[in-house]
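A quick write-up on the structure given underneath.
The basis for the numbers below is simple: all heavy atoms, side chains too, and nothing from hydrogens, waters or symmetry mates. Note that the numbering runs from 1 along the sequence shown for the chain. The model shown is predicted, which means the values in this text are computed figures rather than measured ones.
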Amino acid sequence: MSTPTRLPRRSHERLDRPPFECIALLLQGGGALGAYQGGVYQALSEAHLDPQWVAGISIGAVNAALIAGNAPEARVAKLREFWRRVTESAPWDLSALLEATPYTVRGDFARGVVNQLSAGAALLGGVCSFFAPRAPVAWLQPPGSPEATSYYDTAPLKSTLENLIDFDRINSGEVRFSVGAVNVSSGNFVYFDNTTHNIGPEHVMASGALPPGFPAVEIEGEFYWDGGLVSNTPLQWVLESEPRRDTLAFQVDLWSARGAVPRTMAEVMTRQKEIQYSSRTRNASDRFRDTQKLRNAVSSLLQQLPAELWDIPEVALLAPRSSPKVCNLVQLIYHAKQYEGDSKDYEFSRLSMEDHWRAGYHDTVRTLRHPEVLERPHNLEGVLTFDLSQNGRE
(Lines give C-alpha, C1' and ligand atoms only; values in the text may rest on other atoms or scores of the structure.)
Protein backbone atom coordinates (compact mmCIF):
# COMPACT_ATOMS: atom_id res chain seq x y z
CA MET A 1 0.00 0.00 0.00
CA SER A 2 1.43 3.37 -1.00
CA THR A 3 1.83 6.12 1.61
CA PRO A 4 -0.41 9.16 0.94
CA THR A 5 1.49 12.22 -0.16
CA ARG A 6 1.45 14.90 2.55
CA LEU A 7 0.51 18.28 1.18
CA PRO A 8 2.97 21.06 2.03
CA ARG A 9 1.89 23.64 4.55
CA ARG A 10 0.72 26.92 3.06
CA SER A 11 3.00 29.88 3.73
CA HIS A 12 0.73 31.50 6.33
CA GLU A 13 -0.06 28.39 8.35
CA ARG A 14 1.37 27.99 11.85
CA LEU A 15 1.31 25.14 14.32
CA ASP A 16 2.49 27.03 17.41
CA ARG A 17 0.43 29.62 19.30
CA PRO A 18 1.89 33.17 19.30
CA PRO A 19 3.09 34.47 22.70
CA PHE A 20 0.02 36.51 23.67
CA GLU A 21 -2.61 35.95 26.35
CA CYS A 22 -5.45 36.90 24.02
CA ILE A 23 -6.09 36.93 20.28
CA ALA A 24 -8.84 39.45 19.50
CA LEU A 25 -10.72 39.94 16.24
CA LEU A 26 -12.28 43.40 15.79
CA LEU A 27 -14.80 43.77 12.98
CA GLN A 28 -15.97 47.12 11.62
CA GLY A 29 -19.38 47.77 10.03
CA GLY A 30 -19.84 48.14 6.29
CA GLY A 31 -22.82 46.19 4.96
CA ALA A 32 -22.10 44.18 1.83
CA LEU A 33 -18.38 44.80 2.27
CA GLY A 34 -18.46 42.45 5.25
CA ALA A 35 -17.57 39.46 3.06
CA TYR A 36 -14.00 40.83 3.28
CA GLN A 37 -14.05 39.85 6.97
CA GLY A 38 -15.07 36.32 6.02
CA GLY A 39 -11.93 36.01 3.90
CA VAL A 40 -9.82 37.39 6.73
CA TYR A 41 -11.21 34.83 9.14
CA GLN A 42 -10.62 31.97 6.70
CA ALA A 43 -6.91 32.84 6.53
CA LEU A 44 -6.67 33.23 10.31
CA SER A 45 -8.36 29.87 10.80
CA GLU A 46 -5.90 28.17 8.43
CA ALA A 47 -3.09 29.74 10.46
CA HIS A 48 -4.58 28.33 13.70
CA LEU A 49 -5.16 31.86 15.01
CA ASP A 50 -8.61 31.27 16.47
CA PRO A 51 -9.66 34.31 18.54
CA GLN A 52 -10.55 34.26 22.23
CA TRP A 53 -12.47 37.51 21.79
CA VAL A 54 -14.54 38.68 18.83
CA ALA A 55 -16.13 42.12 18.80
CA GLY A 56 -18.08 43.82 16.05
CA ILE A 57 -20.29 46.66 14.91
CA SER A 58 -23.16 46.31 12.40
CA ILE A 59 -22.25 43.68 9.78
CA GLY A 60 -19.15 43.08 11.88
CA ALA A 61 -21.50 42.04 14.69
CA VAL A 62 -23.14 39.48 12.37
CA ASN A 63 -19.78 38.03 11.34
CA ALA A 64 -18.65 38.04 14.98
CA ALA A 65 -21.76 36.08 16.00
CA LEU A 66 -21.20 33.54 13.20
CA ILE A 67 -17.68 32.99 14.54
CA ALA A 68 -18.42 32.91 18.28
CA GLY A 69 -21.65 30.97 17.76
CA ASN A 70 -20.11 27.97 16.00
CA ALA A 71 -17.43 25.37 16.66
CA PRO A 72 -14.00 26.33 15.24
CA GLU A 73 -14.15 23.65 12.53
CA ALA A 74 -17.56 24.93 11.31
CA ARG A 75 -16.99 28.68 11.36
CA VAL A 76 -15.71 29.23 7.83
CA ALA A 77 -18.54 27.11 6.41
CA LYS A 78 -21.15 29.07 8.40
CA LEU A 79 -19.68 32.39 7.26
CA ARG A 80 -19.76 31.11 3.69
CA GLU A 81 -23.36 29.98 4.07
CA PHE A 82 -24.47 33.37 5.39
CA TRP A 83 -22.82 35.23 2.52
CA ARG A 84 -24.15 32.72 0.01
CA ARG A 85 -27.70 33.27 1.28
CA VAL A 86 -27.59 37.07 1.20
CA THR A 87 -26.14 37.14 -2.32
CA GLU A 88 -28.72 34.91 -3.94
CA SER A 89 -29.61 36.60 -7.23
CA ALA A 90 -33.00 38.27 -7.40
CA PRO A 91 -34.96 37.99 -10.67
CA TRP A 92 -34.41 41.68 -11.37
CA ASP A 93 -30.68 41.67 -10.53
CA LEU A 94 -29.24 42.11 -14.02
CA SER A 95 -25.67 41.40 -12.89
CA ALA A 96 -26.42 37.65 -13.00
CA LEU A 97 -27.89 38.03 -16.48
CA LEU A 98 -24.87 39.92 -17.74
CA GLU A 99 -22.52 37.25 -16.38
CA ALA A 100 -24.52 34.57 -18.20
CA THR A 101 -24.19 36.17 -21.63
CA PRO A 102 -21.44 35.11 -24.04
CA TYR A 103 -19.97 38.60 -23.76
CA THR A 104 -17.51 38.99 -20.91
CA VAL A 105 -17.97 42.12 -18.82
CA ARG A 106 -14.69 43.97 -18.90
CA GLY A 107 -13.29 47.23 -17.59
CA ASP A 108 -14.17 49.48 -14.68
CA PHE A 109 -17.01 51.23 -16.51
CA ALA A 110 -18.82 47.99 -17.35
CA ARG A 111 -18.29 46.60 -13.87
CA GLY A 112 -19.55 49.86 -12.37
CA VAL A 113 -22.77 49.56 -14.38
CA VAL A 114 -23.24 45.97 -13.19
CA ASN A 115 -22.68 47.01 -9.57
CA GLN A 116 -25.16 49.89 -9.79
CA LEU A 117 -27.79 47.54 -11.23
CA SER A 118 -27.23 45.13 -8.37
CA ALA A 119 -27.38 47.91 -5.76
CA GLY A 120 -30.58 49.21 -7.30
CA ALA A 121 -32.06 45.72 -7.06
CA ALA A 122 -31.27 45.65 -3.33
CA LEU A 123 -32.90 49.05 -2.80
CA LEU A 124 -36.06 48.07 -4.65
CA GLY A 125 -36.45 44.42 -3.78
CA GLY A 126 -34.43 43.91 -0.61
CA VAL A 127 -31.82 41.22 0.03
CA CYS A 128 -32.64 37.54 0.39
CA SER A 129 -32.38 36.26 4.00
CA PHE A 130 -31.56 39.79 5.20
CA PHE A 131 -34.19 42.48 4.66
CA ALA A 132 -37.35 43.08 2.64
CA PRO A 133 -39.05 46.35 1.58
CA ARG A 134 -42.15 47.38 3.49
CA ALA A 135 -45.52 47.60 1.79
CA PRO A 136 -47.01 50.11 2.05
CA VAL A 137 -43.98 52.36 2.46
CA ALA A 138 -43.06 53.90 5.83
CA TRP A 139 -44.69 57.25 5.01
CA LEU A 140 -48.09 55.53 4.81
CA GLN A 141 -47.75 53.53 8.03
CA PRO A 142 -49.35 54.51 11.40
CA PRO A 143 -47.07 56.88 13.39
CA GLY A 144 -45.35 55.14 16.28
CA SER A 145 -45.28 51.72 14.65
CA PRO A 146 -41.98 50.05 13.66
CA GLU A 147 -43.23 50.08 10.07
CA ALA A 148 -43.44 53.88 10.16
CA THR A 149 -39.79 54.32 11.18
CA SER A 150 -37.95 52.18 8.64
CA TYR A 151 -38.02 51.33 4.95
CA TYR A 152 -37.24 47.63 5.37
CA ASP A 153 -38.33 44.71 7.51
CA THR A 154 -35.39 42.77 9.04
CA ALA A 155 -37.40 39.69 10.09
CA PRO A 156 -35.54 37.61 7.43
CA LEU A 157 -32.25 38.42 9.16
CA LYS A 158 -33.56 37.16 12.51
CA SER A 159 -34.48 33.83 10.93
CA THR A 160 -31.08 33.60 9.27
CA LEU A 161 -29.23 34.29 12.52
CA GLU A 162 -31.29 31.72 14.43
CA ASN A 163 -30.61 29.15 11.73
CA LEU A 164 -26.83 29.64 11.49
CA ILE A 165 -25.80 30.61 15.03
CA ASP A 166 -25.78 28.65 18.28
CA PHE A 167 -26.50 31.36 20.85
CA ASP A 168 -26.03 28.89 23.70
CA ARG A 169 -22.44 28.52 22.53
CA ILE A 170 -21.99 32.30 22.54
CA ASN A 171 -23.36 32.53 26.08
CA SER A 172 -21.17 29.67 27.28
CA GLY A 173 -18.26 32.13 27.33
CA GLU A 174 -15.97 29.87 25.32
CA VAL A 175 -15.18 32.96 23.23
CA ARG A 176 -15.77 36.45 24.57
CA PHE A 177 -18.29 38.26 22.39
CA SER A 178 -19.08 42.00 22.22
CA VAL A 179 -21.28 44.06 19.88
CA GLY A 180 -21.89 47.81 19.99
CA ALA A 181 -25.18 49.70 19.58
CA VAL A 182 -26.66 53.13 20.29
CA ASN A 183 -29.54 53.78 22.68
CA VAL A 184 -32.07 55.73 20.61
CA SER A 185 -33.47 57.67 23.60
CA SER A 186 -30.25 58.64 25.37
CA GLY A 187 -27.84 58.62 22.43
CA ASN A 188 -25.41 56.64 24.58
CA PHE A 189 -23.15 54.03 23.01
CA VAL A 190 -23.40 50.64 24.72
CA TYR A 191 -21.82 47.22 24.34
CA PHE A 192 -23.70 43.97 24.66
CA ASP A 193 -21.10 41.55 26.00
CA ASN A 194 -21.52 37.90 26.92
CA THR A 195 -19.75 38.60 30.23
CA THR A 196 -22.65 40.86 31.26
CA HIS A 197 -25.59 39.95 28.96
CA ASN A 198 -27.38 36.85 27.78
CA ILE A 199 -26.86 37.32 24.04
CA GLY A 200 -29.66 36.64 21.55
CA PRO A 201 -30.40 37.52 17.92
CA GLU A 202 -31.83 40.88 19.04
CA HIS A 203 -28.43 42.08 20.32
CA VAL A 204 -26.77 41.32 16.98
CA MET A 205 -29.63 42.95 15.07
CA ALA A 206 -29.51 46.04 17.30
CA SER A 207 -25.85 46.56 16.40
CA GLY A 208 -26.82 46.56 12.70
CA ALA A 209 -30.10 48.51 12.85
CA LEU A 210 -28.99 51.40 10.67
CA PRO A 211 -31.72 54.04 10.27
CA PRO A 212 -33.76 54.92 8.34
CA GLY A 213 -33.37 51.65 6.45
CA PHE A 214 -33.79 49.32 9.41
CA PRO A 215 -36.04 49.63 12.48
CA ALA A 216 -34.73 50.14 16.00
CA VAL A 217 -34.53 46.92 18.01
CA GLU A 218 -36.18 46.74 21.43
CA ILE A 219 -34.17 45.14 24.25
CA GLU A 220 -35.45 45.20 27.83
CA GLY A 221 -37.74 48.15 27.12
CA GLU A 222 -35.08 50.27 25.38
CA PHE A 223 -34.61 50.81 21.65
CA TYR A 224 -31.27 50.56 19.87
CA TRP A 225 -29.78 51.58 16.52
CA ASP A 226 -26.60 50.67 14.66
CA GLY A 227 -23.44 51.30 16.70
CA GLY A 228 -21.78 52.81 13.63
CA LEU A 229 -23.75 56.01 14.24
CA VAL A 230 -21.30 56.77 17.07
CA SER A 231 -18.28 54.52 16.52
CA ASN A 232 -17.86 51.98 13.74
CA THR A 233 -15.05 50.05 15.38
CA PRO A 234 -14.81 48.15 18.71
CA LEU A 235 -11.09 48.90 18.99
CA GLN A 236 -11.28 51.10 22.09
CA TRP A 237 -13.65 48.74 23.91
CA VAL A 238 -11.33 45.76 23.51
CA LEU A 239 -8.00 47.46 24.14
CA GLU A 240 -9.12 49.39 27.22
CA SER A 241 -11.18 46.70 28.95
CA GLU A 242 -10.03 45.40 32.32
CA PRO A 243 -8.28 43.24 33.26
CA ARG A 244 -5.77 44.07 30.57
CA ARG A 245 -3.94 41.22 28.84
CA ASP A 246 -1.13 40.80 26.34
CA THR A 247 -3.15 41.02 23.13
CA LEU A 248 -2.72 40.20 19.47
CA ALA A 249 -5.53 42.23 17.87
CA PHE A 250 -6.65 41.92 14.26
CA GLN A 251 -8.55 45.10 13.39
CA VAL A 252 -10.56 44.49 10.19
CA ASP A 253 -11.84 47.73 8.67
CA LEU A 254 -14.20 47.95 5.71
CA TRP A 255 -13.72 51.68 5.13
CA SER A 256 -10.41 53.37 4.43
CA ALA A 257 -9.83 56.72 6.11
CA ARG A 258 -7.47 57.73 3.31
CA GLY A 259 -8.60 58.51 -0.20
CA ALA A 260 -8.38 60.86 -3.15
CA VAL A 261 -10.04 64.30 -3.28
CA PRO A 262 -13.44 63.84 -5.04
CA ARG A 263 -13.96 65.15 -8.57
CA THR A 264 -17.68 64.42 -9.00
CA MET A 265 -20.80 64.34 -6.83
CA ALA A 266 -20.74 60.53 -6.89
CA GLU A 267 -17.18 60.59 -5.60
CA VAL A 268 -18.19 63.12 -2.92
CA MET A 269 -20.84 60.72 -1.58
CA THR A 270 -18.36 57.84 -1.64
CA ARG A 271 -15.69 59.80 0.19
CA GLN A 272 -18.21 61.08 2.74
CA LYS A 273 -19.12 57.50 3.69
CA GLU A 274 -15.48 56.47 3.90
CA ILE A 275 -14.62 59.30 6.28
CA GLN A 276 -17.79 58.89 8.36
CA TYR A 277 -17.52 55.14 8.86
CA SER A 278 -13.75 54.67 9.00
CA SER A 279 -14.06 55.89 12.63
CA ARG A 280 -10.50 57.22 12.61
CA THR A 281 -8.99 53.84 13.47
CA ARG A 282 -5.46 55.12 13.04
CA ASN A 283 -6.08 58.02 15.43
CA ALA A 284 -7.46 55.59 18.00
CA SER A 285 -4.45 53.31 17.62
CA ASP A 286 -2.10 56.30 17.95
CA ARG A 287 -3.82 57.36 21.18
CA PHE A 288 -3.61 53.82 22.49
CA ARG A 289 0.13 53.75 21.72
CA ASP A 290 0.66 57.00 23.64
CA THR A 291 -1.36 55.69 26.58
CA GLN A 292 0.67 52.48 26.56
CA LYS A 293 3.90 54.46 26.66
CA LEU A 294 2.66 56.31 29.75
CA ARG A 295 1.49 53.09 31.41
CA ASN A 296 4.84 51.41 30.88
CA ALA A 297 6.76 54.50 32.07
CA VAL A 298 4.66 54.67 35.24
CA SER A 299 5.13 50.94 35.80
CA SER A 300 8.90 51.31 35.49
CA LEU A 301 8.91 54.21 37.98
CA LEU A 302 6.75 52.37 40.48
CA GLN A 303 9.14 49.44 40.47
CA GLN A 304 11.92 51.81 41.54
CA LEU A 305 9.99 53.26 44.48
CA PRO A 306 11.17 52.35 47.98
CA ALA A 307 8.84 50.01 49.85
CA GLU A 308 7.68 52.68 52.31
CA LEU A 309 6.09 54.73 49.52
CA TRP A 310 3.84 51.94 48.23
CA ASP A 311 1.18 52.73 50.81
CA ILE A 312 0.55 56.31 49.72
CA PRO A 313 -2.81 57.01 47.95
CA GLU A 314 -1.18 58.13 44.70
CA VAL A 315 0.55 54.79 44.24
CA ALA A 316 -2.65 52.93 45.08
CA LEU A 317 -4.35 54.92 42.31
CA LEU A 318 -1.65 54.46 39.68
CA ALA A 319 -0.58 50.85 40.25
CA PRO A 320 -3.69 49.09 38.84
CA ARG A 321 -3.56 51.30 35.73
CA SER A 322 0.08 50.76 34.93
CA SER A 323 0.13 47.07 34.17
CA PRO A 324 2.95 46.56 31.63
CA LYS A 325 0.95 44.60 29.06
CA VAL A 326 1.84 44.51 25.34
CA CYS A 327 -0.21 44.61 22.15
CA ASN A 328 0.29 43.92 18.48
CA LEU A 329 -2.36 45.71 16.41
CA VAL A 330 -2.66 44.19 12.94
CA GLN A 331 -4.78 46.40 10.69
CA LEU A 332 -6.48 44.83 7.67
CA ILE A 333 -8.32 47.48 5.68
CA TYR A 334 -10.44 46.91 2.60
CA HIS A 335 -9.51 49.29 -0.20
CA ALA A 336 -12.44 49.62 -2.58
CA LYS A 337 -12.07 49.60 -6.33
CA GLN A 338 -12.83 52.82 -8.20
CA TYR A 339 -15.89 51.28 -9.89
CA GLU A 340 -17.61 50.35 -6.61
CA GLY A 341 -18.86 53.86 -5.85
CA ASP A 342 -21.05 55.01 -2.97
CA SER A 343 -23.39 51.99 -3.21
CA LYS A 344 -20.70 49.44 -2.34
CA ASP A 345 -22.13 48.83 1.15
CA TYR A 346 -25.52 47.73 -0.19
CA GLU A 347 -24.41 46.05 -3.42
CA PHE A 348 -25.05 42.38 -2.64
CA SER A 349 -24.13 40.64 -5.89
CA ARG A 350 -22.43 37.24 -5.72
CA LEU A 351 -19.69 38.61 -7.97
CA SER A 352 -18.77 41.40 -5.53
CA MET A 353 -19.07 39.13 -2.50
CA GLU A 354 -16.51 36.76 -3.95
CA ASP A 355 -14.22 39.69 -4.78
CA HIS A 356 -14.43 41.01 -1.23
CA TRP A 357 -13.88 37.57 0.33
CA ARG A 358 -10.80 36.93 -1.81
CA ALA A 359 -9.38 40.37 -0.98
CA GLY A 360 -9.69 39.71 2.75
CA TYR A 361 -8.13 36.28 2.42
CA HIS A 362 -5.15 37.39 0.36
CA ASP A 363 -4.51 40.55 2.43
CA THR A 364 -4.33 38.37 5.54
CA VAL A 365 -2.11 35.73 3.92
CA ARG A 366 0.36 38.39 2.78
CA THR A 367 0.44 39.93 6.26
CA LEU A 368 0.93 36.61 8.07
CA ARG A 369 3.93 35.74 5.92
CA HIS A 370 5.90 38.13 8.12
CA PRO A 371 6.81 36.50 11.44
CA GLU A 372 7.26 39.83 13.25
CA VAL A 373 3.49 40.35 13.10
CA LEU A 374 3.07 37.54 15.64
CA GLU A 375 6.07 38.36 17.85
CA ARG A 376 5.83 40.23 21.15
CA PRO A 377 6.85 43.90 20.95
CA HIS A 378 9.92 44.99 22.89
CA ASN A 379 9.74 48.75 22.38
CA LEU A 380 8.99 51.34 25.09
CA GLU A 381 5.31 51.60 24.16
CA GLY A 382 4.78 47.86 24.24
CA VAL A 383 2.77 48.28 21.03
CA LEU A 384 3.49 47.42 17.40
CA THR A 385 1.12 48.34 14.57
CA PHE A 386 1.13 46.55 11.22
CA ASP A 387 -0.75 47.71 8.14
CA LEU A 388 -0.48 46.02 4.75
CA SER A 389 -1.03 49.30 2.88
CA GLN A 390 1.57 51.17 4.95
CA ASN A 391 4.18 48.49 5.58
CA GLY A 392 3.99 46.75 2.19
CA ARG A 393 3.56 43.29 3.65
CA GLU A 394 4.77 41.19 0.71
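Distance alone, capped at 3.5 Å, is enough to place a donor-acceptor pair between the Ser278 side chain and the Ile275 backbone. With hydrogens and angles disregarded, a donor-acceptor distance shorter than 3.5 Å links the side chain of Thr149 to the backbone of Pro146. Of the possible polar contacts, none joining the Asn188 side chain to the Asn183 backbone as a donor-acceptor pair under 3.5 Å is found. Lys273 places a side-chain N or O within 3.5 Å of a backbone atom of Asp342 that can act as its donor or acceptor partner. In this structure, Glu46 contributes its side chain and Ala43 its backbone to no donor-acceptor pair below 3.5 Å. Judged purely by atom type and a 3.5 angstrom limit, Thr247 has no side-chain atom pairing as donor or acceptor with the backbone of Ala249. With hydrogens and angles ignored, the 3.5 Å screen pairs no side-chain donor or acceptor of Glu347 with any backbone N or O of Ser118. A donor-acceptor pair under 3.5 Å links the side-chain atoms of Asp193 to the main chain of Thr195, judged by distance alone. A donor-acceptor pair under 3.5 Å is formed between the side chain of Gln304 and the backbone N or O of Ser300. Between the side chain of Arg350 and the backbone N or O of Arg84, at least one donor-acceptor pair lies under 3.5 Å.
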**Test side chain to side chain contact (heavy atoms under 4.5 Å, CB included) applied to Glu340 and Lys337, step by step** = CA-CA 6 Å; Glu340 291 188 82; Lys337 307 297 188 297; 3.8 Å; yes
**Message:** Gln236 vs Ser231, test: side chain to side chain contact (heavy atoms under 4.5 Å, CB included). Steps then yes/no.
**Reply:** CA-CA 10 Å; Gln236 186 175 5; Ser231 174; over 6 Å; no
**Request:** For the pair Glu274 and Ser256, evaluate side chain to side chain donor-acceptor pair (under 3.5 Å) and give the outcome as yes or no after the intermediate values.
**Result:** CA-CA 6 Å; Glu274 290 172 341; Ser256 176; over 6 Å; no
**Arg376 and Asn328: CA distance, side-chain angles, deciding distance, side chain to side chain donor-acceptor pair (under 3.5 Å) verdict** = CA-CA 7 Å; Arg376 286 174 62 89; Asn328 274 11; over 6 Å; no
**Item:** Worked verdict on Ile59 versus Val62 for side chain to side chain contact (heavy atoms under 4.5 Å, CB included)
**Value:** CA-CA 5 Å; Ile59 197 64; Val62 173; 4.2 Å; yes
**Request:** Starting from the C-alpha separation in whole Å, work towards a yes-or-no answer on side chain to side chain contact (heavy atoms under 4.5 Å, CB included) for Ser45 and Asp50.
**Result:** CA-CA 6 Å; Ser45 178; Asp50 297 309; 4.2 Å; yes
**Full working for side chain to side chain donor-acceptor pair (under 3.5 Å) between Tyr277 and Asp345** = CA-CA 11 Å; Tyr277 292 121; Asp345 54 329; over 6 Å; no
**Request:** Check the pair Arg80, Glu354 against salt bridge (charged side-chain N to carboxylate O under 4.0 Å, His left out), reporting the backbone distance first and the verdict last.
**Result:** CA-CA 10 Å; Arg80 268 286 181 190; Glu354 293 289 355; 3.1 Å; yes
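Rounding to the nearest 0.5 Å gives a distance of 10.5 Å between CZ of Arg17 and CG of Leu374. Taken to the nearest 0.5 Å, the OG1 atom of Thr367 stands 10.5 Å off from the CD atom of Gln331. Interatomic distance, CG of Asp387 versus CG of Leu332, reported as 8.0 Å (0.5 Å rounding). Rounded to the nearest 0.5 angstrom, His370 NE2 and Phe386 CZ are separated by 10.0 Å. Leu49 CG to Ile23 CD1: the interatomic distance, rounded to the nearest 0.5 Å, is 5.0 Å. Between the CH2 atom of Trp255 and the CG atom of Leu33 there is a distance of 5.5 Å, given to the nearest 0.5 Å.
With hydrogens and angles left out, the side-chain atoms of Ser349 and Ser352 include a donor and acceptor closer than 3.5 Å. Side-chain atoms of Gln28 and Thr233 form no donor-acceptor pair, as typed in the model, at a separation below 3.5 Å. For the residue pair Arg244 and Gln292, a side-chain donor N or O sits within less than 3.5 Å of a side-chain acceptor on the partner.
Here the side chains of Val40 and Phe250 are not in contact, with every heavy-atom distance at 4.5 Å or above. Side-chain contact check for Ile165 versus Leu66: some heavy-atom pair is nearer than 4.5 Å.
For Glu162, the CD atom sits in a packed shell: over 12 heavy atoms of surrounding residues, nucleotides or ligands are nearer than 6.0 Å.
Across Ile199, Asn194, Asn198, a single residue satisfies side-chain contact (heavy atoms from CB on, under 4.5 Å) together with Phe167, and that is Ile199. For the side-chain contact (heavy atoms from CB on, under 4.5 Å) with Val54, the lone residue among Ile170, Val238, Ile67 that qualifies is Ile67.
In the hydrophobic cluster analysis, where Ile, Leu, Val, Met, Phe, Trp and Tyr join through side-chain heavy atoms closer than 4.5 angstrom, Val298 is grouped together with Ile312. Leu229 and Phe189 fall within a single hydrophobic cluster, where Ile, Leu, Val, Met, Phe, Trp and Tyr side chains are chained together by heavy-atom contacts under 4.5 Å. Under the 4.5 Å side-chain contact rule for hydrophobic residues, Tyr191 and Phe223 share a cluster. Under the 4.5 Å side-chain heavy-atom criterion for grouping Ile, Leu, Val, Met, Phe, Trp and Tyr, Ile219 is connected to Leu161 within one hydrophobic cluster. There is a path of hydrophobic side-chain contacts, each under 4.5 Å, that joins Leu305 to Leu318.
The side-chain hydrogen bond (donor to acceptor under 3.5 Å, both in side chains) contacts involving residues 69-78 comprise Tyr41-Arg75, where partners must be two or more places apart or lie in separate chains. Sequence neighbours left out, the pairs with a member in residues 54-65 that pass side-chain hydrogen bond (donor to acceptor under 3.5 Å, both in side chains) are Gln37-Asn63, Ser58-Asp226, Asn63-Trp83. Within the structure, ring pair (Phe, Tyr, Trp, His ring centres under 6.0 Å) contacts touching residues 131-152 (residues at least two apart or in different chains) are Phe131-Tyr152, Phe131-Phe214.
Nearest heavy atom pair, residue Ala216 against residue Ala209, reads CA-CB, 4.5 Å.
When the side-chain contact (heavy atoms from CB on, under 4.5 Å) test is applied to Pro306, the partners found at least two apart in sequence or on another chain are Glu308, Leu309. Checked against ring-ring contact (aromatic ring centres under 6.0 Å, His included), Phe192 has the following partners two or more places apart in sequence or in another chain: His197, His203, Tyr224. For the side chain to side chain donor-acceptor pair (under 3.5 Å) test, residues two or more places apart in sequence or in another chain that qualify with Gln116 are Ser343.
Looking at Glu21 and Lys325, a side-chain N of the basic residue comes within less than 4.0 Å of a carboxylate O on the acidic one, giving a salt bridge.
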